[in-house]
Amino acid sequence: MQLDERKMKILQAIIRTYLETGEPVGSRTISKYTDLHVSSATIRNEMADLEELGYIIQPHTSAGRIPSDLGYRLYVDQMMEEKDREVKEIKEVMLEKVDRLELLLKQVAKVLAVNTNYATMISAPQYQRNKLKFIQLSPLDKMQLLAVIVVEGNILKNTVIALDEELEDETLLKLNILLNTNLNGLSLEEINLGMISKLKEQAGVHSSIVSQVIDTVAEIINEDEDLEIYTSGAKNIFKYPELSDNQRASELISAFEEKQQFTNLVYDTLAKSEDKKGIQVYIGNETPIQNMKDCSVVTATYELEEGVQGTIGIIGPKRMDYEKVVDTLKNLMNQLDHLYKKT
């Protein structure tokens with residue numbers, strides 16, 4: 001439901017106070033913190049309503065409350081809407097005179113960890129190869145064809161196609177024209193069953209060649225690349241009591257050591273980045289990383305050139321300073337975009 005202005009101010013005050021202190025927040029603290037000019041009794045009533053609505057919870061028998069995941073979500077969504085403004089000036093110290101991308105990404109992860117006091121990760125950029133660029137069928141010998149298939153990002157795949165009979169040059173030329181005329185520039189989703197049936201019909205007795213070429217196109221586009229991920233600041237987790245008990249800390253450190261658990265996070269962020277302008281906030285159970293259900297994870301998508309994208313992430317407690325983190329990521333994303341933008 002839509003909260004009225006007073007409830008929203010009280011919820012924001014509870015969240016901001018808890019972000020700063022890590023301690024449950026009482027009505028007396030809120031009465032001093034806000035500009036509502038209402039009594040502690042009124043604030044207690046409003047807090048009871050917020051608790052009933054699921055935005056705050058009472059962790060134990062004290063009078064204090066802490067934000068729930070739902071409360072954090074409302075706070076973050078509102079903050080994101082309000083932050084439609086220019087990113088901060090580029091901090092040259094992070095990017096100046098860094099020639100190699102790998103060194104840059106490692107440096108970015110380290111600087112982010114130092115500046116935010118949270119743990120950080122950054123993925124190497126990937127080319128979103130989803131469209132076919134070119135097909136070339138060439139004779140390998142009398143009974144074999146070499147099919148060279150190129151997709152976006154100049155990703156190339158060779159496959160050998162066995163023939164039932166020797167092909168004449170004119171037939172091979174017609175097959176090349178047929179495949180390139182109908183398939184070039186299409187994504188895998190656009191190559192539907194109707195189109196495949198039509199191509200096979202036009203290829204006649206050579207329909208098996210069309211099938212093998214399309215199978216190879218699908219294999220290239222869907223092929224998983226080894227995703228390189230750089231991390232830093234994992235030990236910052238121990239600074240936050242709610243994450244530093246032996247079991248939680250061990251699980252989180254394990255995620256940073258193995259790194260592959262970040263793969264789902266990277267792909268999820270890249271998939272959502274177009275709709276959400278590159279910034280994603282995962283609170284608690286929203287994160288795709290099983291070992292980080294007690295954390296918040298804020299990610300950004302950077303783009304070095306068209307289609308070449310990677311993910312930056314900051315991992316911390318649910319009471320992280322969301323505003324600072326979002327500002328930092330927007331600033332950094334802007335730096336990377338401009339540093340590597342094609343001219």
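Predicted, not measured: the structure shown is a model, and the values here were computed from it. Numbering starts at 1 and runs along the sequence shown.
In this structure, Ile253 is not a member of the same hydrophobic cluster as Ile315, with clusters built from ILVMFWY side-chain heavy atoms closer than 4.5 Å. Tracing side-chain contacts under 4.5 Å through hydrophobic residues (I, L, V, M, F, W, Y), one reaches Leu50 starting from Leu70; they form part of the same cluster. Hydrophobic clustering of Ile, Leu, Val, Met, Phe, Trp and Tyr side chains at less than 4.5 Å, counting indirect connections, keeps Leu252 apart from Phe238. In the hydrophobic clustering of this structure, Ile237 does not group with Val114; members are Ile, Leu, Val, Met, Phe, Trp, Tyr whose side-chain heavy atoms approach within less than 4.5 Å, directly or through other members.
In this structure, the side chain of Ser207 does not engage the main chain of Ala203 through any donor-acceptor pair within 3.5 Å. Of the possible donor and acceptor atoms, one in the side chain of Thr17 sits under 3.5 Å from a partner among the backbone N and O of Ala13. Between the side chain of Ser68 and the backbone N or O of Tyr55 there is at least one donor-acceptor pair closer than 3.5 Å. With hydrogens and angles disregarded, no donor-acceptor distance shorter than 3.5 Å links the side chain of Thr299 to the backbone of Gly313. Distance alone, capped at 3.5 Å, places no donor-acceptor pair between the Thr171 side chain and the Leu167 backbone. Using modelled atom types, one side-chain atom of Asn291 and one backbone atom of Glu251 make a donor-acceptor pair closer than 3.5 Å. Judged by distance alone, the side chain of Arg73 and the main-chain N or O of Val281 form a donor-acceptor pair under 3.5 Å. Side-chain N or O atoms of Thr29 include none that pairs as donor or acceptor with a backbone N or O of Val25 at under 3.5 Å. Without hydrogens or angle criteria, Lys318 side chain to Tyr72 main chain gives no donor-acceptor distance under 3.5 Å.
Checked by atom type, the side-chain pair Tyr230/Ser123 shows no donor-acceptor distance below 3.5 Å.
The line from CG of Asp215 to CD1 of Ile149 is 9.5 Å long, rounded to the nearest 0.5 Å. Between the CD1 atom of Ile312 and the OG1 atom of Thr301 there is a distance of 8.5 Å, given to the nearest 0.5 Å. Note that the CD1 atom of Ile30 and the CZ atom of Arg16 stand 10.5 Å from one another [nearest 0.5 Å]. Here the CG-CG distance, from Leu137 to Leu178, works out to 10.0 Å after rounding to the nearest 0.5 Å. To the nearest 0.5 Å, the span separating OG1 on Thr311 from CE on Met121 amounts to 6.5 Å. Taken to the nearest 0.5 Å, the NZ atom of Lys198 stands 6.5 Å off from the CG atom of Asn182.
Side chains of Lys106 and Lys110 form no contact here, defined as non-hydrogen atoms less than 4.5 Å apart. Residues Pro288 and Tyr282 have side chains in contact (heavy-atom distance under 4.5 Å, counting atoms from C-beta outward). Between Glu323 and Val325, every side-chain heavy-atom pair lies at or beyond the 4.5 Å cut-off. A 4.5 Å side-chain heavy-atom check between Leu3 and Leu74 finds at least one atom pair inside the cut-off. When side chains are defined from C-beta on, Leu163 counts as touching Leu145, because their heavy atoms get closer than 4.5 Å. No side-chain heavy atom of Ile56 sits less than 4.5 Å from a side-chain heavy atom of Ile15. Proximity of Val297 to Ile314: side-chain heavy atoms (C-beta onward) are nowhere separated by under 4.5 Å. Side-chain contact between Ile57 and Arg65: absent, with no pair of heavy atoms (C-beta onward) separated by less than 4.5 Å.
Taking each heavy atom of Leu332 and Val108 in turn, the nearest pair found is CD2-CG1, 3.2 Å. Closest of all the heavy-atom pairs between Ile279 and Ala300 is CD1-CB, 3.8 Å. The two residues Leu243 and Gly316 have their closest heavy-atom pair at CD1-C, 4.1 Å. In this structure, Tyr302 and Ala124 approach most closely via the heavy-atom pair OH-C, 3.6 Å. Of all heavy-atom pairs between Pro317 and Ser296, the closest is O-CB, 3.8 Å. Shown here for Asp69 and Gly284, the closest heavy-atom pair between the two residues is OD2-CA, 3.8 Å.
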| field | Derivation and outcome, side chain to side chain donor-acceptor pair (under 3.5 Å), residues Ser211 and Ser208 | value | CA-CA 5 Å; Ser211 293; Ser208 63; over 6 Å; no
| task | Evaluate the ring-ring contact (aromatic ring centres under 6.0 Å, His included) criterion for residues Tyr118 and Tyr240: first the C-alpha distance (whole Å), next the side-chain angles of each, then the deciding distance (0.1 Å), finally the verdict. | result | CA-CA 10 Å; Tyr118 303 128; Tyr240 303 96; 5.7 Å; yes
| Could you go step by step and tell me if Leu199 and Met195 meet the side-chain contact (heavy atoms from CB on, under 4.5 Å) rule? | CA-CA 6 Å; Leu199 286 173; Met195 179 179 293; 4.3 Å; yes
| message | Show, in sequence, the C-alpha distance, side-chain angles and deciding distance for Met47 and Glu51, and conclude whether the side-chain contact (heavy atoms from CB on, under 4.5 Å) test is met. | response | CA-CA 6 Å; Met47 288 173 70; Glu51 185 173 5; over 6 Å; no
| request: Begin from the C-alpha positions of Asp49 and Asn45 and carry the test side-chain contact (heavy atoms from CB on, under 4.5 Å) through to its verdict. | output: CA-CA 6 Å; Asp49 289 344; Asn45 289 335; 5.6 Å; no
| task | Applying salt bridge (charged side-chain N to carboxylate O under 4.0 Å, His left out), run through Glu286 and Lys293 and close with a yes or a no. | result | CA-CA 8 Å; Glu286 295 174 353; Lys293 300 303 183 182; over 6 Å; no
| field | Steps toward side-chain contact (heavy atoms from CB on, under 4.5 Å) verdict (Val205, Asp164) | value | CA-CA 10 Å; Val205 295; Asp164 296 326; over 6 Å; no
| Where do Arg319 and Glu242 land on the salt bridge (charged side-chain N to carboxylate O under 4.0 Å, His left out) test, with the steps shown first? | CA-CA 10 Å; Arg319 61 184 178 98; Glu242 60 266 48; 2.7 Å; yes
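Checking Ile209, Val213, Asn180 one by one against Leu175, the side chain to side chain contact (heavy atoms under 4.5 Å, CB included) holds for a single residue, Ile209.
Proximity of the aromatic rings of Phe262 and Phe256 is defined here by a centroid distance below 6.0 angstrom, and this criterion is met.
Note on Lys330 versus Asp327: no salt bridge recorded, every NZ/NE/NH1/NH2 to OD/OE distance being 4.0 Å or above.
No more than 12 heavy atoms of other residues, nucleotides or ligands sit less than 6.0 Å from atom NZ of Lys200.
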